[in-house]
Amino acid sequence: KSKILKLAKPGEVGLILSDGVSGGGYIWRKIQHYDGTIGYSAEKAGTSMLYSVGETSEDFNRSIDFTLKWEGGYVFNPQDPGGETNYGISKRSYPWIDIAKLTEQYAMLIYYIDYWLKPGMSKFAWPKNCILFDIGVLTGVNHASTFYEMEPVKILVMQYKYLANINTFPTFGRGWVRRTTDLLELTT
């Protein structure tokens with residue numbers, strides 16, 4: 001007899017950890033839910049999956065490669081207001097996640113859902129979608145949304161100005177400027 005660990009909300013997604021196994025008229029898949037809970041999810045044969053994010057676009061794949069180049073592994077810098085960070089995912093933003101054990105694959109799922117799908121990055125062309133996506137990761141999706149109507153080079157000029165006024169610029173600014181300059185190179 002199985003224990004129900006949680007009931008997913010409509011539209012909730014998670015990471016599929018195993019191929020489906022048939023049983024009792026359902027296809028069962030091992031799932032890591034968005035909050036970190038691992039269990040099984042059932043789908044009726046012939047219906048859509050409960051927890052599928054589908055195929056990612058080529059632009060997302062290129063954008064996540066760019067971002068992960070700058071957002072390495074586990075870091076716990078006491079000067080970082082985000083606290084513990086792994087692959088750029090911070091404890092402050094995701095307090096329910098064990099940041100030290102976060103996998104790159106699960107970080108990519110978070111990025112795909114919260115930084116690509118929800119803010120609608122697919123409506124922008126390359127490289128603007130990558131620029132907005134990476135700015136959303138670095139300084140917040142709400143901040144990135146203020147640039148939606150701008151051209152890529154103007155976005156980056158405004159981002160340089162924004163970064164220079166963050167109080168942790170003396171500690172992290174050199175890396176932020178190099179990263180933003182790397183984004184600028186996408187526009188040429």
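Everything numeric here is computed off the predicted structure, so don't read it as measured data.
Annotation: the span from Asp98 atom CG to Thr103 atom OG1 amounts to 11.0 Å, rounded to 0.5 Å. Here CZ of Phe66 is found 9.0 Å from OG of Ser63. Values are rounded to the nearest 0.5 Å. Rounded to the nearest 0.5 Å, atoms OG1 (Thr146) and CE (Met150) are 6.0 Å apart. To the nearest 0.5 angstrom, Phe60 atom CZ is 7.5 Å from Trp116 atom CH2. From Ile135, atom CD1 reaches atom CG of Leu132 across 6.0 Å, with rounding to the nearest 0.5 Å. For the atom pair Tyr111 OH and Met108 CE, the distance stands at 10.5 Å (nearest 0.5 Å).
Nearest heavy atom pair, residue Glu71 against residue Arg179, reads OE2-NH1, 2.7 Å.
Other residues, nucleotides and ligands place more than 12 heavy atoms under 6.0 Å from the NZ atom of Lys69.
For Thr187, the side-chain contact (heavy atoms from CB on, under 4.5 Å) partners at least two apart in sequence or on another chain are Pro127, Ile131, Pro152, Val153, Leu156, Leu184. Asn86 pairs by the side-chain contact (heavy atoms from CB on, under 4.5 Å) definition with Tyr74, Ile99, Leu102, not counting sequence neighbours. Remark: Thr168 pairs with Pro81, Ile166, Phe172, Trp176 by the side-chain contact (heavy atoms from CB on, under 4.5 Å) rule, at least two apart or across chains. Arg62 is linked by a salt bridge (Lys or Arg N to Asp or Glu O under 4.0 Å) to Asp59, counting only residues two or more places apart in sequence or in another chain. Scanning for ring pair (Phe, Tyr, Trp, His ring centres under 6.0 Å) contacts around Phe169 gives an empty result, with sequence neighbours left out. In this structure, Tyr87 has no ring pair (Phe, Tyr, Trp, His ring centres under 6.0 Å) partners at least two apart in sequence or on a different chain.
The shortest side-chain heavy-atom distance between Val141 and Lys118 does not fall under the 4.5 Å cut-off. Taking the side chain as every heavy atom from C-beta outward, Asp80 and Thr85 approach each other to under 4.5 Å. Looking only at side-chain heavy atoms (C-beta outward), Thr67 and Leu138 stay at 4.5 Å or farther from each other. Within the 4.5 Å cutoff, no side-chain heavy atoms of Lys91 are placed close to those of Phe76. Side-chain contact between Cys130 and Leu186 is present, with at least one heavy-atom pair separated by less than 4.5 Å. Annotation: side chain of Trp70 is in contact with side chain of Asp182 (closest heavy-atom distance under 4.5 Å).
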Worksheet item: Does the pair Glu84 and Val75 meet the rule for a side-chain contact (heavy atoms from CB on, under 4.5 Å), with working shown?
Response: CA-CA 6 Å; Glu84 276 184 290; Val75 178; over 6 Å; no
Worksheet item: What's the verdict on side-chain contact (heavy atoms from CB on, under 4.5 Å) for Phe147 and Gln159, showing C-alpha distance, side-chain angles and the deciding distance?
Response: CA-CA 9 Å; Phe147 301 139; Gln159 179 69 351; 3.8 Å; yes
Item to complete: Decide ring pair (Phe, Tyr, Trp, His ring centres under 6.0 Å) for Tyr148 and Phe124; before the verdict, give the C-alpha distance in whole Å, the side-chain angles of both, and the deciding distance to 0.1 Å.
Response: CA-CA 9 Å; Tyr148 282 5; Phe124 301 107; 4.9 Å; yes
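Side chain of Thr188 to main chain of Glu185: a donor-acceptor pair is present (N/O by atom type, distance under 3.5 Å, no hydrogens or angles). Listed for the Ser145 side chain is a donor-acceptor partner under 3.5 Å among the backbone atoms of Asn142.
Between Trp96 and Tyr94, the two ring planes are perpendicular [angle over 60°; tilted spans 30° to 60°].
Under 3.5 Å, the side chains of Tyr160 and Thr181 contain a donor-acceptor pair of N or O atoms.
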